[in-house]
There are 2 protein chains.
Amino acid sequence: MSPPSRRPSMADVAARAGVSYQTVSRVLNQPGIVRPETRDRVLAAIAETGYTPNRAARALKTTRSSQIGLLTDGSSLFGPSETVTAIETAAREAGYSVLLTTVGSGVADPAAEPSPGSSLIGSGVDGILVVAAHEGMQPVVAAAASTIPVLAVSAQSPASSDAAVVGVDQRLGARSVVEHLARTGVRSIAHLAGPSDWFDARARLDGFVEGLEGQGLDGVATAPGDWTPRSGYELTRELLASGPPQALFAANDMMAIGALHALHEQGLRVPEDIAVVGFDDTDCAAYLTPSLTTVSQPFAELGRLALHRLLQLLEHPEEPGPPPAALAPRLVARGSTRPEHGTA
Amino acid sequence: MSPPSRRPSMADVAARAGVSYQTVSRVLNQPGIVRPETRDRVLAAIAETGYTPNRAARALKTTRSSQIGLLTDGSSLFGPSETVTAIETAAREAGYSVLLTTVGSGVADPAAEPSPGSSLIGSGVDGILVVAAHEGMQPVVAAAASTIPVLAVSAQSPASSDAAVVGVDQRLGARSVVEHLARTGVRSIAHLAGPSDWFDARARLDGFVEGLEGQGLDGVATAPGDWTPRSGYELTRELLASGPPQALFAANDMMAIGALHALHEQGLRVPEDIAVVGFDDTDCAAYLTPSLTTVSQPFAELGRLALHRLLQLLEHPEEPGPPPAALAPRLVARGSTRPEHGTA
DNA sequence: CACTCGGATGATAACGTTCACATCGAGGCG
DNA sequence: CGCCTCGATGTGAACGTTATCATCCGAGTG
């Protein structure tokens with residue numbers, strides 16, 4: 001009596017089109033193999049019944065879910081956000097769905113009960129993409145990597161190379177910041193470090209140190225912050241207590257905003273008295289006062305690349321897989337640093 | 001020869017524990033009904049084999065996937081980001097996974113081919129949560145709502161009430177901004193409007209107008225912006241060409257940042273010459289110069305509430321479902337507005 | 001002491017799909 | 001003209017789980 005109480009299945013479509021359910025399956029999966037007239041009849045029946053394939057049944061039979069897991073940090077960071085969007089879009093185009101899982105970067109014991117990662121593994125995703133890699137994700141990555149492909153979107157491989165890696169070259173970005181500052185005449189730089197359990201933060205710190213050595217500059221790195229404006233503000237205040245450097249390089253734009261605030265409080269002018277550089281090129285960087293010199297990262301491209309590499313890992317497991325890839329960041333000079341000298 | 005070539009199934013566990021696979025199923029789903037000794041034996045076998053339930057098979061049999069769809073805007077906005085995280089966490093605690101789908105707010109034709117929403121529906125989620133509701137999601141919501149429960153996390157019901165609604169009271173927030181400004185002595189306010197196809201933006205505009213009427217103030221709203229600092233900057237420049245108002249109320253913090261930049265360029269002091277208010281209480285709002293008066297929204301609570309309401313809709317379909325809920329936002333007065341007068 | 005009752009467990013079927021194989025007609029070639 | 005091949009479609013089985021019913025055993029009861 002209630003006709004559409006159940007979702008239409010292949011059998012319903014087949015009955016309507018006067019073929020067997022196997023033919024319906026063929027129309028969906030290998031359209032070329034079925035006679036055009038038959039195919040049209042089946043397609044019409046599909047449209048009439050409003051049939052959509054049952055993904056659970058398909059996953060059960062094929063042992064592939066067409067879903068990938070996305071392991072990301074719980075905080076609303078700019079970079080991860082952009083990357084996630086790009087990944088999801090690319091995944092959808094490739095016929096995959098994205099299962100989102102967040103894992104706090106807090107100091108929660110690594111072996112927490114309803115582990116965020118174990119639920120991902122258990123949910124039957126075909127592969128996992130780790131977006132904002134930090135130490136807290138280690139156990140999850142290690143556990144998953146033995147079962148399914150895992151690709152980290154990060155500066156460097158999480159510890160051992162449990163996972164393949166695609167990322168933006170953070171060291172290069174940090175070095176280019178130091179070089180830019182050197183060309184503006186700065187001789188001493190302080191780095192407001194990011195959280196030390198984040199791989200990207202470590203790589204930026206490394207690049208900072210390399211840059212100092214390469215340019216022969218003085219420099220110091222603060223204790224690790226936590227990406228927030230508040231930590232940038234507080235680290236800057238501590239730093240100023242012992243005499244200001246000529247430039248401040250914050251691990252990201254948010255910390256740079258906090259730094260700008262602290263500098264303004266102390267009556268220091270940017271960039272006349274002290275230069276400030278951020279990292280990420282957040283939407284608002286260009287509209288701060290002064291506008292913020294920062295490092296722009298190709299997050300969208302990164303997301304697409306990461307997804308396609310993961311799919312390659314999934315669909316051609318035999319091939320060794322491409323080597324780690326690193327995209328190039330780009331320094332964007334704005335008002336918070338002084339203009340570069342004509343020639344070095 | 002290759003023992004673990006296949007994921008262990010219930011049958012493997014059952015063989016190891018010396019019971020039938022049905023007993024394994026019972027241990028997992030109704031532990032109380034099975035004899036303690038048997039249960040322990042099965043649990044041990046599960047641990048030894050590393051068994052995890054096959055969700056596809058379970059979904060196929062029960063016709064419930066334990067996955068919910070999350071339809072959100074593709075842009076990296078602050079509010080949605082926080083809400084999404086809260087939803088995911090709450091969902092995981094309740095045993096659900098979250099399938100993320102983004103839909104651009106661009107003017108893409110509403111009937112685009114590989115519609116973002118149709119893929120969600122087809123993927124067999126049990127319900128859908130719409131996070132940053134705008135017109136572009138209408139067709140998706142309408143299509144899905146006839147099949148499965150849909151809950152909008154938004155200011156007001158998308159057009160017809162295809163979906164239940166949970167949200168933060170945006171009108172109240174906007175009214176409280178006007179009232180706050182009035183108490184600081186402001187008599188005329190301009191509103192930098194958000195995109196008109198976003199329900200939250202419309203509600204803020206409505207609240208602004210209501211507030212003006214309630215306080216007997218003068219006011220004007222600009223053409224719609226797009227949430228970005230750039231649009232805030234440009235709208236403010238246009239506005240200043242025809243004489244500055246006494247206060248600027250931006251539809252969100254990012255647009256307020258753009259506005260601050262434009263005001264600074266014109267040599268106007270904030271808040272002495274003109275007051276500025278944002279919306280959202282972004283992390284960086286407190287660390288701008290001057291620090292930004294804005295409206296704080298309980299995004300985390302919103303996410304949790306939305307998820308629990310959706311689950312109620314899923315698990316008790318017979319009940320009529322709770323009425324639309326609106327959480328209260330909170331005005332946070334900072335340096336970009338002048339102090340309130342002692343008494344009205 | 002037979003009979004019933006309830007707790008604990010096993011056997012069978014079904015969910016909707018894809019894979020492997022069987023079937024069937026049409027055409028080519030000896 | 002019969003056999004073989006090939007393209008197009010149908011039939012049976014299986015993926016791993018849960019729902020339903022059947023079975024078994026011991027304990028209670030008249």
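So that the names make sense, note that chain A is the first sequence line, chain B the second, and so on, each numbered from 1. Not measured: the values here are computed from a predicted model.
Here D:dT17 is the nucleotide among D:dT17, C:dT18, D:dT18 with the atom lying nearest to any side-chain atom of B:Asn54. Comparing D:dG10, D:dG16, C:dT18 by their nearest atom to the side chain of A:Thr23 picks out D:dG10. In the set C:dT9, C:dT12, D:dG10, the nucleotide with an atom closest to the side chain of B:Tyr21 is C:dT12. Listed nucleotides C:dA11, D:dT9, D:dT18 differ in distance to B:Thr62; the shortest reach to its side chain belongs to D:dT18.
Checking the phosphate oxygens (OP1, OP2) of D:dG7, no side-chain nitrogen or oxygen of A:Arg35 falls inside 4.0 Å. The shortest distance between the side-chain N/O atoms of B:Ser20 and the OP1/OP2 oxygens of C:dA11 is not below 4.0 Å.
In the interface, the side chain of A:Arg26 is paired with the base of D:dG10 through a donor and an acceptor atom under 3.5 Å apart. A donor-acceptor contact under 3.5 Å links the side chain of B:Gln22 to the base of D:dA19. The base of C:dA14 sits with one of its N or O atoms less than 3.5 Å from a complementary donor or acceptor on the side chain of B:Lys61.
In this structure, CG in A:Leu314 is found 8.0 Å from CD1 in A:Ile68, a value given to the nearest 0.5 Å.
For the pair A:Arg7 (side chain) and A:Pro53 (backbone), a donor-acceptor distance under 3.5 Å is present.
Straight-line distance from the CE atom of B:Met10 to the P atom of C:dG10: 13 Å, rounded to whole Å. Atom CD of B:Glu37 and atom P of C:dG7 are 17 Å apart (whole Å). Whole-Å rounding puts the A:Leu28 CG to C:dT18 C1' distance at 12 Å. Rounded to whole Å, the distance from CG on A:Asp12 to C1' on C:dG16 is 11 Å. Going from atom CZ of B:Arg58 over to atom P of C:dT17 covers 21 Å, rounded to whole Å. The interatomic distance linking A:Gln30 (CD) with D:dG10 (P) rounds to 15 Å, in whole Å. As a whole-Å value, the separation of A:Leu60 CG from D:dT18 P is 12 Å. Residue A:Arg55 contributes atom CZ, which lies 13 Å from atom C1' of C:dT17 at whole-angstrom precision.
A salt bridge does not link B:Glu37 with B:Arg41: none of the charged nitrogens is closer than 4.0 Å to a carboxylate oxygen.
Contacts of A:Ser9 with the nucleic acid, taken as non-hydrogen atoms under 4.0 Å apart, involve only primed sugar atoms and P, OP1 or OP2. Using a 4.0 Å heavy-atom distance criterion, A:Thr63 is classed as making no nucleic acid contact.
The one candidate from B:Ile46, B:Thr49, B:Val42 that meets the side-chain contact (heavy atoms from CB on, under 4.5 Å) condition with B:Arg16 is B:Thr49.
Residues B:Leu305 and B:Arg309 are in side-chain contact: their nearest non-hydrogen atoms beyond the backbone lie under 4.5 Å apart.
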